[in-house]
Each structure stands twice: as C-alpha cells, then as structure tokens.
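For reference, the structure discussed in these notes is given below.
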Amino acid sequence: MSGTATAAGDTVPGPKGGPRTAASGDGARAPRGPRPGRTALFLLAPGALALLFTYAMPLVWVVRMALNEPLDGGAIRQTLTFGTFTQVLRDGHYWKVIGQTLQLGVLVTVFTLLLAYPVALFLARTTSRWRSLLMALAVAPLLISSVARTFGWMAILGNQGLINKTLQALALTDGPLPLANNMTGVVIASVEIYMPFAILAMISGFGRLEPELERAAASLGANRLAVLRRVVLPLTLPGVLTAALLVFVLSLSGYVTPRLIGGGRVFVLATEIYDEAITSLNWPVAAVLSVLLLVLFGIVIVLYQRAQRALERRFTGEKGASR
Amino acid sequence: MAEPTAPAAATPAAGGSPAGHLTLEGLTKTYPGQHGAAVRGIDLSVERGSMLAVLGPSGCGKSTTLRMIAGLVAPTAGRVLVDGRDITGIPVHRRDMGMVFQSYALFPHLDVARNVAFGLEMRKVSRSERARRVAEALDLVRLGHLADRRIAQLSGGQQQRVALARALVVRPTLLLLDEPLSNLDAQLRGEMRDEIRRIQQETGITAVFVTHDQHEALSMADRVAVLAQGRLEQIGTPEDVYERPAGRFVARFVGRANLIEGTVAGADGPRTVVELPGVGRVSALGEPRPAGARAAVLLRPHRIALAPATADGPAAGVPDGSSAAPLRGTVLSAGYSGESLAYRIRVGAAGPVLDVERPAGPEATHAPGTEVLLTWDASAARLVDAAEDDRAGADSAPGAADAVPAAAAPHGVTP
C-alpha cells in the first residue's frame, strides 16, 4: 500500500502545508520526555528526515488523493470531496473485501498463535544447550523471501501439488482437495509465513514466566494442566497479545500470499488497492481503500493498547492507566 | 491453621514411626556431567512438630536436599519417608508439602488473597471454606488488611508473609523453607526470624528450612544439620553443633573459632592434654586420642577472658584453678563494633594469633601493643581433628574466613 503511494508520490508533488504539519507534530512530541540535547537532535535528524520523505509525505498525499474525484480513463479531478468515500462505502463489493480481509486476519492470527505458542513456550523454557540453535531454526524461514515461500506453498497445495498427488496416489481422495486458489490455501501459507514473527514476539513477552512460579504452583497441588492454565497462560498473555497484534496487522496488509495463492479468487484490501491503482488506474478509490485500511490498523492498535494496559494493571494493581 | 497438626493427606503408617515424622535414607543426587555428587547419602530424621535447620555454605547441596524432600528434584538414590511411608516416587503436586521459595515465587497476576487461595483451589475446597481459611492464614501472618493487594505492591517482608500463608493454608504435612530470610534487610530478617518461629510453634507443623546463616540456624531451629560438599557433617541441637562440633568444618562454619594445631601429649581423666607450639600444654574436652596424634584445640573467641598483664598474677575476676595457667599475649588490634570488642592477640612472642571477643563496656579496653593475660573456662577448650583430615574444605565457609589467620598461624610455628 505504502509502496504504491511512494511510487505515485514522485509524479505528483504533495501539497506544501501537509509535510510541515506532520513535521511540527513530530517536534511537539520531543519535549514530553527528558529534553534531548543538541547531539541527540543531530543524531535523530537523518531518521526523522527519512521518515518524513518516505512515510509522512506519502501518507498525507494518500489522504489528499482520497479526496479527489476519479474520472473515466484514469483521469483525476483535483477537488476536495468525500464523494469517493461515499461511493466506496455504498458499494457492497468493497464491504465484502473488507469482510474477507478481516476474516483472513482473524483466521491467520488464531492459527498462527495456536501453532507458535507451544514452540515459543518450549524455546523460552528450555535449558538445553541447543537452545540458540533451535531459536535460529525457528526464525530461519525469515531468511527466505516470503514470495519464494509462497511459491513453495503453491507447489505443495496446488491441484497438481505434493499433497493432492500423494492423496490421489494413495487413492484416499477422488479429485484434488481445494487447497489452493481459495481462502484455505491463503490461510495455510500465511500462517507458516507469520509464525517466525509470532514466535519472536511471544518470547520477548514471556519475561514474567519464571520456572520457580511453576514449581510453586506444583508444590501447591497443581498438576501440569493446572500449572499451564492457571500460571503459565496468564503470565505469557502479554507476549501472546503482542504476537496477535503483529500477525493480525501483517495479515491485514499482506499482499503477496493472497495474490499468489488466492489465484485471483481471494479479494482482500491489499490486492484490491493494487488492482484499483495499477489495473483500473482509479487512484482516488485506491487511496480511499488505503485510508480505510489505516483506520482498521488504528482501531486494532487502540484495542491492543487497551488490552495491554488492562493486563499490566493485573500485575501492578495500579488503578490509573499511564502511558 | 488454628488446629495444630492434622495433615490432610498423610496416612500414618501402621505402628507409627518412632524414627520421626520425616526421614531421609541415604538420599543422594548426582547431576549428569557433574563431577561428584551434589548430595551424598544423607540420613536424618525430623521429629513431629520440630524445626530442622539445614545449614551449610553455598553449593553444599542443602537446597538440592530440600528440593528432593519437596519432590522438585528426583533423587539418584535413597528414600524420603513421611510417617514411615516412602514418598520418593510421588510427584510434587501430590506430596502435600508447603514450600516457601527463596524468591517467594508469588503469582504476580493474582492478588494476595488469590495467591493464598491457590492451593485450596487446587484441592477443590469449597468457596466459603476457602474464604474462611484464607482469612485465617492471612491473620496468622498479620496481613489480613492487605488481602486485595497485588504482589508488586508489597514490600519484601510482606511478600515473605504471603508466601508463608500460601504454604500454610493448605495445612501441609511439612513446611519447607528455602533460604527464607536471605532476601530481607537486616532488621526485617530478625523480625521474620521470630515470626517464622512463632508461626511454626503455633501451628505445630514439622518444618525444614535451609540457610547459610549460622545465626538463623542456631536461633530458629530445634535441631541443626550441617552440610558440607553434599555430606551431612553433624546433626544435633544448636548447643551440640556450636559447643561440641563434630569436626573442624563444623567448628569453623558454625560460629567463629580459633583452631590451634598441636600434638596429643596424654590424657588427664576425661580430658586430653595437647601440646600446642608457642602456647604450651592445654587440656581440652573431646573424644580421646592417642598420645602423639595430631589434633587441634577449638577456642571460641568470646570464651577467652582478658586481664591486664601488669599484675604479677592473674587479675581479680578471672576464674582461676579450673582453667589452664594464664597465657601472656600482645594485643595486635582491637575493633569496636558497639556491642563488643574484637581483639586479635598474639600468644607469647611467636605463638598463634587468636581472635578474642569481649563485651564492650564493663571491661577496660586493651589498647594495641599492651600485654594481656588470656584465660578460659575448662569447658571452653574442645578437641577437634587436625588440619590433615580437613575434608570439608573449610575455605569455602564464609563464617570461618575471619578465623582462618588464627588457625593458619600455627603452621608456621610447628616443626
């Protein structure tokens, strides 16, 4: 999504007022913490500038584009209207896309968490001397581009793929199972692709899990299931929550896997934005969809922060929520 | 909690067990890949309703021993018996032991009351009964007013009390405490020491606690087991262990000690006379040894009395007759610590250096360089092994560190 915006940003210069507002917004945040010294500001400058040009400006440009009116044949009328928003929100097709995006996000998040949790728990608790190696193995898939991994999944899940050929050779199924070119395939591949992220996020959030607490629970009469349910699970919840946020956001914006494995039959916001911008040349609609995706992210992040704060209060017992 | 014993799950073996409530038989733990055993064949028993302190330096296997009793560590060999019943194979969660961990190991996601209620919930105790017993346990540790606090909001001492309440509320067969006071500051430690002792006596529970602190062990326990390098060096009452140490290690680890090396010269009734180089002949109590054997005499710093050496004979107030003839010594240093004065005194011209501790106040202070007379009560000198069979590696004993120079000095004098 942001890639599209950046590429387009080169051709149309953004409105002058936009970047400055974003910049002053960044500047206003600084005095909140301890006052940064001259060196700190100097060191922050390159990153801040890079963010300004690659993130803030294109973002403002996308919002601006969403307020334009699309004309036939890819032409755009510069104006300030919510007409495109109304047009998109009135169209049932886009609601279906949004629904499918959320459905994919929820399914992928649930299955990724279910599969990653035991791995993360094992890696966090093991005292084996192979621990570093196992950690490296768990995140090794990140070394391979997700495009390559998606192609790998196509070879496995397709009608002529490994699974279907094996099943048919064993005469277990009559025809090929529909594992690719649909939601099932996209979920399977996405889960595998996001698992390393989930594992890393979980482990980093498992700091409260101390082996002594499990021993204490056992000494009080808790069997292994009770220890898991009453001690391990509550203490690892912050890590699970962080992983959930990460995976959900990643899969909401995921493009490669839905496009390749979906086989043109799974419509999500990311693929739809691409189609509108590149195929239909309807930039205002693409921009509106991008803004809608951003709004979704915003909602998700607010929900996450609330949940995280509620969890934090459970540990500290402080009533007032602080940032 | 109010009713003393009545352990929930312990099924007393027929015929009872005069041996004790808890018995360890040849308990051994060897960790794979580790040189030597962590715990080597420990045999001991704890009487019902009494408190045993397992005392030893770090790495002596005391925590491992406690964890084997709790079921958290599986022994390599040996048995753990409760009321004569072998529980070695029973997993932790069915052992019915109340354990207080060094780090307290309180559940950070639960409030104080829920922490205490945890064991009751695991035992499926009804809600009303649970509430009653949690309140009772919190009252016992004087924390009734903090029931709805989070663990993070409690001080170290309060956390310690919650940990105690949580372990006791289930009315366990045994109360096990792993270094219960080590995470508290000095003042709280004294307070909790009395508190734990009070609670143990009030509930009449059989308790085992592990510590590296001899003061804790001596002041809290009915019996003290001293461990060194995985072996049980001695088990006895605090007086036994302190006054009649079984060996050099115990002598130096429990309390401060002057150990003066020498040769057995003969017997004097029940006493043994030892020739100490630079000191002379000293008679000591202890297991008799043949003449010519190497041995050491133990003198506790506070059992040595001092008097100014200006007078011709021993000064007034120093017990005479029952002790050896007064020794002459030179004060090397005098350290004031409020309650007492710690002297280092060289005996004779080139004799051993002794640690002497005198209460500050009533006696005149002996300045460094002055000559003093040293005397001690007949019962103060104890015979222990010489340094050759120092198998316990007393160098690892922190409590003995300050006494080492005194014990080491004679080496230079002995032929």
Side-chain angles (χ1 to χ4, degrees), chain A residues 117 120-121 124-131 202 204-244 306-322, chain B residues 8-9 33 63 66-67 69-73 90-112 114-125 146 148-154 162-163 165-178:
Chain A
Y117 187 73
L121 202 55
R125 284 161 29 126
T126 184
T127 51
S128 159
R129 60 192 156 128
W130 302 110
R131 183 170 188 249
M202 281 181 183
S204 69
F206 283 3
R208 282 204 169 84
L209 184 67
E210 288 165 41
E212 206 78 326
L213 294 177
E214 294 177 50
R215 289 184 202 119
S219 81
L220 289 165
N223 59 28
R224 295 183 73 162
L225 187 69
V227 171
L228 180 71
R229 215 167 51 79
R230 299 290 310 276
V231 176
V232 174
L233 219 51
L235 291 177
T236 52
L237 219 48
V240 174
L241 202 57
T242 306
R306 285 206 176 166
Q308 198 71 290
R309 239 174 264 163
L311 268 185
E312 206 52 43
R313 271 200 299 278
R314 267 177 68 181
F315 290 110
T316 59
E318 275 151 31
K319 295 286 187 294
S322 59
Chain B
S63 273
L66 193 77
R67 276 159 192 260
I69 300 172
L72 292 167
V73 169
I90 294 179
V92 209
H93 66 276
R94 280 197 266 126
R95 276 209 187 180
D96 199 38
M97 302 275 178
M99 176 115 177
V100 175
F101 291 80
Q102 186 173 5
S103 62
Y104 314 140
L106 298 172
F107 305 125
H109 58 295
L110 303 176
D111 63 19
V112 168
R114 292 291 302 276
N115 260 279
V116 176
F118 191 91
L120 297 174
E121 286 173 34
M122 291 302 123
R123 283 163 176 76
K124 307 255 187 309
V125 173
L146 295 180
D148 55 357
R149 287 283 180 94
R150 294 282 156 184
I151 301 309
Q153 296 170 309
L154 301 181
V162 176
R166 184 179 69 173
L168 286 168
V169 77
V170 297
R171 292 170 193 154
T173 320
L174 287 172
L175 178 63
L176 308 175
L177 306 112
D178 190 0

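In what follows, every chain begins at residue 1, and chains take the letters A, B, ... in the order their sequences are listed. The structure presented is a predicted model; accordingly, all values stated were derived computationally and were not measured.
For the pair A:Leu213/B:Pro108, a side-chain contact is recorded, criterion being any heavy-atom separation below 4.5 Å from C-beta on. When side chains are defined from C-beta on, B:Phe107 does not count as touching A:Pro234, because their heavy atoms never get closer than 4.5 Å. A:Arg224 has its side chain out of reach of B:His93: every pair of non-hydrogen atoms, C-beta onward, lies at least 4.5 Å apart. Residues B:Phe118 and A:Val231 have side chains in contact (heavy-atom distance under 4.5 Å, counting atoms from C-beta outward). For the pair A:Arg230 and B:Arg114, the minimum side-chain heavy-atom distance is below 4.5 Å.
Looking at B:Arg166, both its backbone and its side chain come within 4.5 Å of chain A, counting heavy atoms on both sides. For chain B, the nearby part of A:Ala226 is the side chain; its heavy atoms alone come within less than 4.5 Å. Heavy atoms closer than 4.5 Å to chain A are found nowhere in B:Leu120, neither backbone nor side chain. Within the 4.5 angstrom heavy-atom criterion, only side-chain atoms of A:Leu235, from C-beta onward, approach chain B.
In this view, A:Ser128 and A:Thr126, A:Trp130 satisfy the side-chain contact (heavy atoms from CB on, under 4.5 Å) rule, not counting sequence neighbours. A:Thr236 meets the side chain to side chain donor-acceptor pair (under 3.5 Å) test with A:Tyr117; sequence neighbours excluded.
In terms of heavy atoms, B:Gln153 sits closest to A:Thr316 at CG-O, 3.3 Å. B:Phe101 and A:Ser219 get closest at one heavy-atom pair: CE1-OG, 4.0 Å.
With values rounded to the nearest 0.5 angstrom, B:Leu72 atom CG is found 7.5 Å from A:Glu212 atom CD.
Ranked by non-hydrogen atom pairs under 4.5 Å with chain A, the options B:Arg67, B:His109, B:Met99 are led by B:His109.
A donor-acceptor pair under 3.5 Å is formed between the side chain of B:Arg150 and the backbone N or O of A:Arg314. B:Arg123 places a side-chain N or O within donor-acceptor distance of the main-chain N or O of A:Leu220, the cut-off being under 3.5 Å.
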**OP:** Apply salt bridge (charged side-chain N to carboxylate O under 4.0 Å, His left out) to the pair A:Arg229 and B:Glu121, showing each step before the final yes or no.
**Re:** CA-CA 13 Å; A:Arg229 215 167 51 79; B:Glu121 286 173 34; over 6 Å; no

